[in-house]
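The structure appears below as structure tokens.
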Amino acid sequence: MDRRTAIQNLALVIGGAVLLPHCSKSNPTAHFKHFDITYDQQTLITDIAETIIPKTTTPGATDLNLYGFVMKMVDECTKKEDQQSFMKGLGEFDSVPKKMFSKTFADCSKKEREDILKSFDKKDNGYSKDLTAFYQGVRGLTVWGYTESKYFLTKEIVYELVPGRYNAWYPVKNGKAVAKNG
Amino acid sequence: MANLNVDSAKERTFDAIVIGSGMSGGWAAKELTGKGLKTLMLERGRDVKHLKDYPTTNMYPWEFEHRGEVPMDIQEANPVVNRCYAFHEDAMHFFVKDQEHPYIQTKPFDWIRGYQVGGKSLLWARQTQRWSDFDFEGPARDGFAVDWPIRYKDIAPWYSYVEKFAGISGNKDGLAELPDGEFLPPFPLNAVETYFSKHVKEKYKNRHVISARCAHLSKPNQIHLDQGRSQCQERTLCQRGCPFGGYFSANASTIPWALKSGNLTLRPFSVVQSIIYDEQKGKATGVRVVDTNTKETIDYYARIIFVNAAAINTNLVLLNSTSHRFPNGLGNDSGVLGKYVAFHNYSAHIGAEVEGFEEWATDGRNPAGGGYIPRFRNVYKQETDFLRGYACGLGAYRGYKHNYEGVGEDFKAGLSGKEYGKWYIGSHLMGETIPKESNFVALDPSQKDAWGVPLLKISVDYDDNDMKMQKDYVEQLTEMFTTAGFKNIKAQTNHQAPGLDIHEMGGARMGLDPKTSVLNKWNQIHSCKNVFVTDGASMTSTSCQNPSLTYMALTARAADYAISEMKKGNV
């Protein structure tokens, strides 16, 4: 990524920032409307999101503050029973890295972190309903936040507010549009 | 003091009053002001000015705090409106919240409302089809409700009249069951929709898949430009209000036109309590209004009154307009006012995967939504074990192929992939329902709203005919999809409450006989000739076409008649 793109991307990131309760080392608990999140939990969810959408030559989950989006949606757009399930699952999450690698998620390597998350795709993984709900919640919201981030919709798959056209017969060759588009 | 009152009454006197500012009220105002009548338009909600009051219209997806989702506390506080397909973060400010105007559901009824200038014309799905004589002759042929007092020939010129002004895109398909109109160019069917259209035509004599006809300016004419509107930009963000005036709404079209005449006084925040009936004169003299800001009760006077409060609320206004002459509601000699309410049966949909057509996709967005299958059941003769028939919405689409499994770099890169995936096709049921006396709205005897108006009790339900129709739709569409070679066909039925179709109709039906109807063939109350009802309340039967275009045509026709009757001194 050249400097110019980096600066542009940084602008996009800041443009999408959400103001939310946030923890720091000196402020160990963030009070959301419906629950509290500790600094360790914030770090964990941030790390999970970054594992799902890592920083590459383009911004990742942390750059795009997808943690903020995930928590906003869990806090404000989720039913109470699902929030409770999410929080319970969050509490159980540590058991997975412990069982697989005998350490915390924070201490795992990138590869180990990916393996941990991929274990959720396996059938018969024995994970509880709450644990599964927590991970799938974080995953779904992270992907949603990413694919509807300003960065993604202006740089990856461009969202047009005003298409000004409907081409009902748009030629495709080998799965790709013949004409260059967004 | 006496003089002051006279002056004040003078200031509150108009040639015409229009109750309601939505789809049909806008038309009434345009027609009446256009003929020089000083007209007062009353709207119970706030003003929504074209362009100025569309706060979300130019927002990008990422600019919505919840990416379009309605926050859970709002969802949970509003279970009824939350079930509406268009109730999202981008347009929720145009919907009535459940508690703002309570009503009593004797049976479940999702009453979806838009209390603002423009009403639901801001929010509608913009599908516009004419009725044919197969619809107007339906009740008489099949023995339900009462005979319509009009036929297609009576309304055809008025369809043309409103279509030219509103701007309707479509094809001249030459179908007897769905008469052609004054069309702007259609939004074409895509590759799969076209294939399906050909397949259906070959396999079935009387079934057709056509481009959906819709109120979008695919190519504006001068009359549309004169309204300050411009070409539809295929945004498909219509529910936010369109900065281009690309689709027809009262806000973009009829109301500004009426205002331009200098003859319109628009009064928002005005809940109509009742229509004032003068026992001596034997006619209505005005309208009693509660100002929702000041809580003041104010009477307005006019020679003619158009009631366009939207079907259910029009019933409410009429039922609450009691007098010595009309103890059971204005014009209710027959006792049918509030009864024979009907709706559209939206209780099924179907989807499938489509193989092939890999050399085509679509680009941009289709404001028409895709195709439309006009009614094909029981058109020429009764042929099933249920009465009437249904139309089908239809759309095929193809998106990018994305692998949603996995995590990490490859997964992330995959989300940006632009390789097209499979085609999918879907359809939904839009069925005619039979108006029945047992489907009704009535005033609650004791409970009142914040403006002193009795609460409405709504008692409307499906019947056996609707369920048979639902079954037939699933069978027929499954067969049509199967023979077309579509795969993994999945039909789903639901029992969504009536009302969620947002096509509630009737209660003050038109008819030939004053003993069994409220309105005559000019939408005029039989027994109170200077009051006209031209919204959904006037509908004798429902057809299966989307109703708004017919309300517009009936309104323009009734306004023309009202003016000629005024000139003759008859009203």
Side-chain angles (χ1 to χ4, degrees), chain A residues 15-16 18 33-34 48 51-54 56 58 60-61 69 72-73 75-80 83 110 113-114 117-118 120-121 139 143-157 159-179 181-182, chain B residues 57-73 75-76 187-191 193-194 211 218 231-237 243-244 357-368 370 398 400-402 404-409 411-413 415-421:
Chain A
V18 193
K33 285 175 199 155
H34 298 98
I48 293 173
T51 308
I52 297 165
I53 306 290
T56 52
T58 63
F69 177 69
K72 187 172 191 66
M73 295 302 283
D75 192 25
E76 295 175 8
C77 291
T78 304
K79 280 188 188 144
K80 195 173 182 172
Q83 281 172 349
K110 193 173 172 181
R113 289 180 183 189
E114 287 181 0
L117 299 191
K118 282 175 185 166
F120 281 85
D121 291 338
R139 188 175 189 286
V143 173
W144 184 11
Y146 176 62
T147 54
E148 291 212 4
S149 65
K150 185 173 182 181
Y151 165 75
F152 188 87
L153 291 176
T154 55
K155 297 291 175 190
E156 297 293 333
I157 292 179
Y159 175 84
E160 294 173 291
L161 191 63
V162 184
R165 69 186 179 284
Y166 174 61
N167 184 350
W169 292 75
Y170 189 60
V172 171
K173 207 171 178 184
N174 300 325
K176 298 277 179 99
V178 172
N181 71 345
Chain B
T57 191
N58 283 324
M59 283 173 69
Y60 283 90
W62 62 84
E63 292 177 312
F64 290 96
E65 212 183 336
H66 306 96
R67 300 296 187 275
E69 283 275 293
V70 176
M72 192 50 64
D73 54 341
Q75 289 192 45
E76 286 175 346
F187 292 94
L189 298 178
N190 63 35
E193 291 158 355
T194 302
S211 274
S218 51
Q231 184 160 337
C232 170
Q233 295 298 307
E234 287 89 357
R235 294 170 10 118
T236 63
L237 301 174
F244 301 95
F357 306 94
E358 278 154 20
E359 65 278 29
W360 300 106
T362 62
D363 183 41
R365 300 173 216 145
N366 184 357
R398 186 184 193 190
Y400 293 138
K401 176 161 59 181
H402 290 138
Y404 282 100
E405 295 236 321
V407 295
E409 287 178 24
F411 170 70
K412 180 190 176 193
L415 293 173
S416 302
K418 288 173 189 159
E419 190 177 337
Y420 284 97

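Everything numeric in this text was worked out from a predicted model, so none of it was measured. Just so it is clear: chains get the letters A, B, ... in the order the sequence lines come, proteins before strands, and each one is counted from 1.
Heavy-atom pairs under 4.5 Å with chain A peak, among B:Gly406, B:Gly68, B:Pro367, B:Ser416, at B:Ser416. Of the listed residues A:Ile53, A:Asn174, A:Val162, A:Asp75, the one with more heavy-atom pairs under 4.5 angstrom with chain B than any other is A:Val162. Ranked by heavy-atom pairs shorter than 4.5 Å toward chain A, the options B:Thr362, B:Leu237, B:Asn58 are led by B:Thr362. For chain A, the option among B:Ala361, B:Pro188, B:Pro71 with the highest count of heavy-atom pairs below 4.5 Å is B:Ala361. Between chain B and the options A:Pro54, A:Pro171, A:Gly60, heavy-atom pairs under 4.5 Å are most frequent for A:Pro54. Of the listed residues B:Glu409, B:Gln75, B:Arg398, the one with more heavy-atom pairs under 4.5 angstrom with chain A than any other is B:Glu409. Your options are B:Thr236, B:Thr194, B:Asp73, and the one with the most heavy-atom pairs under 4.5 Å with chain A is B:Thr194. Considering only heavy-atom pairs separated by less than 4.5 Å from chain A, the leading option among B:Ala191, B:Cys232, B:Gly421, B:Ser218 is B:Ala191.
Side-chain N/O atoms of B:Glu419 and B:Tyr400 include no donor and acceptor closer than 3.5 Å. Between the side chains of A:Thr58 and B:Lys412, at least one donor N or O lies within less than 3.5 Å of an accepting N or O.
Here CZ of A:Phe152 is found 12.0 Å from CH2 of B:Trp62. Values are rounded to the nearest 0.5 Å.
For B:Glu76, the part sitting under 4.5 Å from any heavy atom of chain A is the side chain, from C-beta outward, and nothing else. When heavy atoms are compared at a cutoff of 4.5 Å, A:Leu161 approaches chain B by way of both its backbone and its side chain. Residue A:Tyr146 touches chain B through its side chain alone, counting heavy-atom pairs closer than 4.5 Å. With a 4.5 angstrom heavy-atom cutoff, A:Lys173 does not touch chain B via any of its atoms. For a residue to count as touching a neighbouring chain, one of its non-hydrogen atoms must lie under 4.5 Å from one of that chain's; by this rule A:Thr147 touches chain B with the side chain only. For A:Arg139, the part sitting under 4.5 Å from any heavy atom of chain B is the side chain, from C-beta outward, and nothing else.
Counting heavy atoms from C-beta outward, A:Thr51 and A:Lys110 have side chains that stay 4.5 Å or more apart. Inter-residue side-chain proximity for B:Thr57 and B:Phe244 is flagged as unmet; no heavy-atom pair is nearer than 4.5 Å. Using a 4.5 Å heavy-atom cutoff, the side chains of A:Glu76 and B:Glu65 are in contact. Between B:Trp360 and B:Tyr420 the shortest side-chain heavy-atom distance does not fall below 4.5 Å.
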| message | One pair to check against side chain to side chain contact (heavy atoms under 4.5 Å, CB included): B:Leu415 and B:Tyr404. What are the steps and the verdict? | response | CA-CA 8 Å; B:Leu415 293 173; B:Tyr404 282 100; 3.9 Å; yes
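Every residue meeting the side-chain contact (heavy atoms from CB on, under 4.5 Å) condition with A:Glu148, not counting sequence neighbours, appears here in chain and number order: A:Trp144, A:Leu153, B:Pro61, B:Arg67.
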